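Remarks on the structure that follows.
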Amino acid sequence: MDFKSTNVEFASELDAQDELAVFRHEFLISDPNLIYLDGNSLGRLPKRTIDFMRSAIEEQWGKRLIRIWNDGWMQTPTQLGARIASMVGAQEDEIVVTDATTVNLFKLAMAALRARPQRHRIVSDVLNFPSDLYVLQGIIDLLGSKHELRLIPSADGISITSRDVENAIDAQTALVCLTHVAFKSAFMYDMARVTDVAHQAGAFMLWDLSHSVGAVPVDLNKANVDLAVGCTYKYLNGGPGSPAFLYVRKDLQTQLKPPIWGWLAADNPFAFELDFTPASNISRYKVGAPPMLSMKAVEASVDLLIEADMERLRAKSESQTSYLIYLMDEWLAPLGFTLGSPRQIEQRGSHVSIRHAEGYRICRALIESPPPAVKVIPDFREPDNIRLGITPLYTTYTEIHRALERIRTIVDEKIYGQYSNERLGVT
Ligand SMILES: *Cc1c(COP(=O)(O)O)cnc(C)c1O
């Protein structure tokens, strides 16, 4: 993509042509001088969520009390799953909203490994989110240390080649477990191709869609994916710690056995049988009572993405990440910045990492500079990545322009020198 000018007028022109611009008004944006580029960690609050939650608490919980479960609340996890399914190319009975992403990964990875008892290799990669790797390490420990975790290497720390993927997966591989869009660099796999390599070797394929859902088009059925998990508090704007989702392909739902036999995974939870009979559908992968208030917030927000349409969101995201990289090349590369994300659009999700030796202090200066300076909220990922999240539902070109201008000033005038290098608890 070619951009012809670094002027702010050009950024305004791009905003004026943006057909998704109306969606920004759907969000609570109280401070026009705060540029939020962290929607990939915690999405903004949709205005409609406020009334929806007030009603869920006052009218539904408050007045209906226990009867609320029979007013449709019991079906919410699967109904919401059906809506998410429409966004990721799954059938409506292949996804359920439940638990945290990490817990879902545990459940599905365990189920897959137990279905391949003769194989003792798990393949993942060095770009994966640590929680996913910890879960796999914990599973190996739990199963008596008989498995080996093989991590696909990355030559540049940013991306992974298909040759390295192919070399890592073999006839001993039980499970390939990867994150579709890498949390640090935003590197994006070719889902269909990697899934095919796993299947050729007879392994299960489990994708983590945390940085994909609501950000890039995903077609689980088309790629014939076996298993997937994903997060709802990032691009789906479900609120802090909102419950995650899991996907099990229809034909596998009754073949696989989840490791936690909770009452809501039972065929008929309210029969209160003393022996467990698993449900014969996606509910088999549920555990206990759903966190309904958090789930309601997800319910309020997902329709925004469905209305905006994934193809249009992706087109805007591609254009905005490219525009950001263009400004970085023009303004920041001469100041010592390098790109921490892939340059090829088809290999990039919806955030861009830029790297600088003073990355952490630059981040602090962006977030903490007092007015009248514009505040920019990115996040920081070790050792030197400033991660700039593009959320096409509400990020504007003008914001990208102002944010990069501010980064330039902070480095140019060495403003970061006023901030400490000591890491805060949450970066
Ligand atoms: C954000 C994220 C998670 C979140 O996990 P939780 O258990 O829901 O906190 C998991 N995996 C990846 C790749 C993520 O980016």
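Quick caveat, the model's predicted, so the values are computed rather than measured. Read the numbers this way: they start at 1 and go in the same order the structure lists the ligands and their atoms. Each residue takes its place number in the sequence, starting with 1.
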Tell me whether Arg312 is salt-bridged to Glu19, with the criterion being a basic N under 4.0 Å from an acidic carboxylate O.
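Yes.
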Between [X] and ligand 1, find which residue part has any heavy-atom pair under 4.0 Å and reply side chain, backbone, both or neither.
X: Ala244; result: neither
X: Thr101; result: both
X: Asp132; result: side chain

Can you find a pair of side-chain heavy atoms, one from [X] and one from [Y], that are under 4.5 Å apart?
X: Met295; Y: Ser242; value: no
X: Arg364; Y: Leu424; value: yes
X: His351; Y: Arg387; value: yes

Out of all atoms in ligand 1, which are within 4.0 Å of some heavy atom of Thr179? Include the element for each.
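In order of number, 13 (C).
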As an exercise, identify every atom of ligand 1 less than 4.0 angstrom from a heavy atom of Ser210.
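In order of number, 2 (C), 3 (C), 10 (C), 11 (N), 12 (C), 13 (C), 14 (C), 15 (O).
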Using the ring of each side chain (for Trp, its six-membered ring), is Phe3 parallel, tilted or perpendicular to Tyr326, with breaks at 30° and 60°?
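Plane angle between 30° and 60°, so tilted.
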How are the rings of Tyr235 and His211 set to each other: parallel, tilted or perpendicular (split at 30° and 60°)?
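Geometry flag for His211 against Tyr235: perpendicular rings.
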What protein heavy atom sits nearest [atom], and how far away is it?
atom: atom 7 (O) of ligand 1; value: Thr102 OG1, 2.5 Å
atom: atom 14 (C) of ligand 1; value: Lys234 NZ, 2.8 Å
atom: atom 9 (O) of ligand 1; value: Tyr233 OH, 2.9 Å

For ligand 1, is there an N or O atom under 3.5 Å from any N or O atom of His211?
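Indeed, backbone or side chain, His211 has an N or O that close.
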Any N/O of Asp208 closer than 3.5 Å to an N/O of ligand 1?
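Among all N and O atoms of Asp208, at least one is under 3.5 Å from an N or O of ligand 1.
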Nearest non-hydrogen partners of Cys231 and Leu236, listed with the distance
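Cys231 and Leu236 have their closest heavy atoms at O-CD1, 4.2 Å.
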